[in-house]
Chemist: 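Provided herewith is a single structure, encoded as structure tokens, for subsequent inquiry.
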Amino acid sequence: MEGLVKGLEGVALDDAAEGIEARRDRRAGAAPVEGDREDRARSTWAEVVSEEKGGDQEGRWESVEHDMKHHKPTPAQWRNQKDEGSEMMSGGSDGTTGIGNGRPQLQTSQCGTERQLCDGLERNNGGWVNVGERKHHRRPHQHSEEWKIYKRLPSEQEYSEDVSHIHHGLNVEPTREEPNSLSKACNRLWALDLNRLSPGKDYTIECGEGKKVYHKGDKASENLFSWLEDSVLRRPTYSRFCALLDNYNPHQGYKESVTQQDKHEEAAFIEEISRSAPIEYLHRYLVLKEATSQDSEDFKKMLTSLWFDLCGRGGCSSSSSAFEHVFVGEIKGQRQGENEVSGFHNWIQFYLEESNGNVDYQGYIFPRRRGELPDSETQLLTIQFEWHGVLKSVSSTLIGVSPEFEIALYTLCFFAGGEDNHVDLGPYSVNIKCYKLGDNKVGSAFPIAES
């Protein structure tokens, strides 16, 4: 009798578990859409392991059809006004909530119900259930108070000591071969990224399961980032980078309003990273290539202009910048009622937005070669995710690299490379895609893993 009772208990528990699993992350049907120039470039490399589809269907993009319960946000709704009271979560009639670090969070509906989080529990039809039944969204680290000091005049802020003064004997001069080899120069940047994080020591990721870009459904039951060492976002270049992320309206087609405080944050960021090894190497390299001035102040002005000057995108002038597109991400409306995510290639932005519940990681994209599946140690990852309910079919990102490394890498490729830049970054063979807007603006830049 005791064995029978235990058996019945086991069946009941199994049924309950299956019921929970069946409720997880059900998605609406997806319809293939055409991608933008950045997305179309991926159709040549996003070949994946599967026998379900023919070769003529490789590289098709899908976007999840979703019913947004709100009107399209206005710039005032999206833009964070950085008030003193923006640090705490508070609801508003304008359709946004401020969480923790003052970053805007759009209220969206998921499966027709509003999600509310509180101390590890979630409201469900009037009752509370464990958040473990769905992906758990942790509130991000609370650094907004620290980031406020970056609004001051750049001359009133404190900066790190020049890296060459700290690390005696550190060589940031290009070798004789590197000006003639883009791959060697990029690999040198990788070696000089002293601020890069170590998997397992500074952070932990859970890759989940793999999928093809046109496969529906969520293949990741957990967040991509399961843990980040709290001190990481207090590092000088990381914290100044984070302070910039709330300066933009993520919807394409809206004019950006750049405040004087925004400009202070930009100048402070450039000043901080200019003291790092990757940027010092970049400066010396571009001087040898006669692409920039030897004067350090002129060089910093060039970096500021390249990454933060506004340009037209989405049919509206002064609506975007290279920094916003590459690192923050943008949501563009392709056809009426259909949106897609453009840009958004930075892991720090991904981590913060995932912590806020704005990003839903849906799995990695299968690599072209069998036997090369990503794991928790991988630092070049090709993924699929939703941002504010809008699908990014395929995106690649360098995990754990420093902000100064990415700025240096993409700037170097912009001036010394072409649209395709096949280089080595440590253990990774990568194609750094670099699109130009005219002759002097970065249209987009991102890595593509090569076999």
Side-chain angles (χ1 to χ4, degrees), residues 150 153-167 170-195 236-237 240-241 244 258 260 262-311 318 321-327 402-419 421 423 432 434-445:
Y150 305 147
L153 289 170
S155 59
E156 296 177 355
Q157 300 186 29
E158 296 182 3
Y159 300 99
S160 302
E161 191 175 358
D162 192 299
V163 68
S164 58
H165 298 160
I166 302 172
H167 299 272
L170 178 66
N171 183 11
V172 293
E173 293 289 341
T175 65
R176 186 174 299 176
E177 297 83 12
E178 286 165 359
N180 299 316
S181 173
L182 185 65
S183 182
K184 288 182 179 179
C186 291
N187 205 27
R188 180 75 180 282
L189 283 177
W190 179 270
L192 287 172
D193 189 10
L194 309 178
N195 218 5
T237 59
R240 292 185 187 276
F241 176 87
L244 296 168
V258 181
Q260 196 61 45
D262 292 342
K263 293 181 179 179
H264 293 340
E265 291 176 351
E266 294 166 3
F269 172 70
I270 293 297
E271 179 62 39
E272 188 69 60
I273 65 173
S274 70
R275 298 159 183 263
S276 69
I279 300 298
E280 287 195 358
Y281 175 85
L282 171 70
H283 187 194
R284 288 163 171 77
Y285 186 93
L286 294 183
V287 168
L288 289 176
K289 301 289 286 185
E290 298 182 347
T292 193
S293 168
Q294 197 164 9
D295 181 78
S296 61
E297 293 305 314
D298 288 343
F299 170 68
K300 285 182 280 191
K301 288 177 183 177
M302 180 276 291
L303 282 181
T304 303
S305 175
L306 181 68
W307 287 101
F308 295 108
D309 279 0
L310 295 180
C311 60
S318 301
S321 70
F323 184 89
E324 177 185 6
H325 181 84
V326 173
F327 298 108
S402 69
E404 59 265 32
F405 169 79
E406 287 198 275
I407 291 287
L409 175 67
Y410 299 143
T411 302
L412 191 149
C413 289
F414 177 83
F415 283 107
E419 188 173 296
N421 304 283
V423 302
I432 302 298
C434 189
Y435 294 118
K436 295 184 177 182
L437 290 177
D439 296 326
N440 60 350
K441 295 185 185 300
V442 175
S444 186

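The analysis underlying the following values was restricted to heavy atoms, covering all of them including side chains, and did not include hydrogens, waters or symmetry mates.
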Chemist: Does the side chain of Leu282 reach to within under 4.5 Å of the side chain of Leu303, using non-hydrogen atoms?
Modeler: yes
Chemist: So does Glu156 have more than 12 non-hydrogen atoms from other groups sitting under 6.0 Å from CD?
Modeler: yes
Chemist: For a quick test of reading the model, state the closest non-hydrogen atom pair linking Val326 to Tyr410 and the distance between them.
Modeler: CG1-CE1, 4.0 Å
Chemist: Rounded to the nearest 0.5 Å, how far does CD1 of Ile407 lie from OG of Ser402?
Modeler: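 These two atoms lie 10.0 Å from each other.
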Chemist: What are the two closest non-hydrogen atoms of Ala267 and Pro154, and how far apart are they?
Modeler: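 Looking at all heavy atoms of both residues, the shortest contact is CB-CG, 3.6 Å.
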Chemist: Please tell me if the side chains of Ile279 and Phe299 come closer than 4.5 Å, counting only heavy atoms from C-beta onward.
Modeler: yes
Chemist: Show, in sequence, the C-alpha distance, side-chain angles and deciding distance for Phe308 and Asp262, and conclude whether the side chain to side chain contact (heavy atoms under 4.5 Å, CB included) test is met.
Modeler: CA-CA 10 Å; Phe308 295 108; Asp262 292 342; over 6 Å; no
Chemist: Using only heavy-atom distances, determine whether the side chains of Ser276 and Asn195 contain a donor-acceptor pair under 3.5 Å.
Modeler: no
Chemist: Supply the atom-to-atom distance Ser155 OG to His264 NE2, rounded to the nearest 0.5 angstrom.
Modeler: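 Interatomic distance, Ser155 OG to His264 NE2, rounded to 0.5 Å: 8.5 Å.
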Chemist: Where do Glu297 and Lys300 land on the side chain to side chain contact (heavy atoms under 4.5 Å, CB included) test, with the steps shown first?
Modeler: CA-CA 5 Å; Glu297 293 305 314; Lys300 285 182 280 191; 2.9 Å; yes
Chemist: What closest approach, in Å, do Leu194 and Ala277 show between heavy atoms, and which atom pair accounts for it?
Modeler: CD1-CB, 4.5 Å
Chemist: Taking the side chain as everything from C-beta on, heavy atoms only, tell me whether Pro174 gets closer than 4.5 Å to Leu288.
Modeler: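 A side-chain contact under 4.5 Å exists here.
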Chemist: If we only count heavy atoms from C-beta on, is the Leu244 to Phe269 side-chain gap below 4.5 Å?
Modeler: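 Sidechains of Phe269 and Leu244: in contact.
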Chemist: Which atoms form the tightest heavy-atom contact between Pro278 and Leu192, and what is the distance?
Modeler: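 Looking at all heavy atoms of both residues, the closest pair is CD-O, 3.6 Å.
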Chemist: Any heavy-atom pair between the side chains of Glu419 and Tyr435 that's under 4.5 Å?
Modeler: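 Yes, at least one pair of side-chain atoms sits under 4.5 Å.
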Chemist: Please work out which of the three classes, parallel, tilted or perpendicular, describes the rings of Phe405 and Trp190, given edges at 30° and 60°.
Modeler: perpendicular
Chemist: Please report the interatomic distance CD(Gln294) to OG1(Thr292), rounded to the nearest 0.5 Å.
Modeler: 10.0 Å
Chemist: To the closest 0.5 Å, what do you measure between CG (Leu409) and CG (Asn187)?
Modeler: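 Interatomic distance, Leu409 CG to Asn187 CG, rounded to 0.5 Å: 11.0 Å.
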Chemist: Restricting to non-hydrogen atoms, name the atom on Leu412 and the atom on Tyr281 that form the minimum distance, rounded to 0.1 Å.
Modeler: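 Minimum heavy-atom contact is CD1-CE2, 4.3 Å.
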Chemist: Taking side-chain hydrogen bond (donor to acceptor under 3.5 Å, both in side chains) as the criterion, tell me which of Arg240, Glu265, Glu272 meets it with Gln157.
Modeler: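 Output: one option passes, namely Arg240.
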Chemist: Using the benzene-type ring in the case of Trp, are the ring centres of Phe323 and Phe241 under 6.0 Å apart?
Modeler: yes
Chemist: Between the side chain of His283 and the main-chain N/O of Ser293, is any donor-acceptor distance below 3.5 Å?
Modeler: yes
Chemist: Kindly compute the distance separating CG (Asn421) from SG (Cys413), expressed to the nearest 0.5 Å.
Modeler: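 SG of Cys413 is found 4.0 Å from CG of Asn421.
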Chemist: Quick check: are there more than 12 heavy atoms from other residues, nucleotides or ligands sitting under 6.0 Å from CD of Glu161?
Modeler: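 Yes.
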Chemist: Test Ile432 against Leu182 for side chain to side chain contact (heavy atoms under 4.5 Å, CB included), laying out the working first.
Modeler: CA-CA 11 Å; Ile432 302 298; Leu182 185 65; over 6 Å; no
Chemist: With a 4.5 Å cut-off on side-chain heavy atoms, are Leu189 and Glu178 touching?
Modeler: no
Chemist: Do you know the tightest heavy-atom contact between Ala268 and Tyr159?
Modeler: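 Closest approach of Ala268 to Tyr159: O-CE2, 3.5 Å.
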Chemist: May I ask you to decide whether Glu266 forms a salt bridge with Lys263, counting only side-chain N to carboxylate O separations under 4.0 Å?
Modeler: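 Here Glu266 does not pair with Lys263 in a salt bridge, since their nearest N and O are not under 4.0 Å apart.
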Chemist: Return the OG to CG distance between Ser274 and Asp162, rounded to the nearest 0.5 Å.
Modeler: 8.0 Å
Chemist: Regarding Lys184 and Glu177, does a basic nitrogen lie under 4.0 Å from an acidic carboxylate oxygen?
Modeler: no
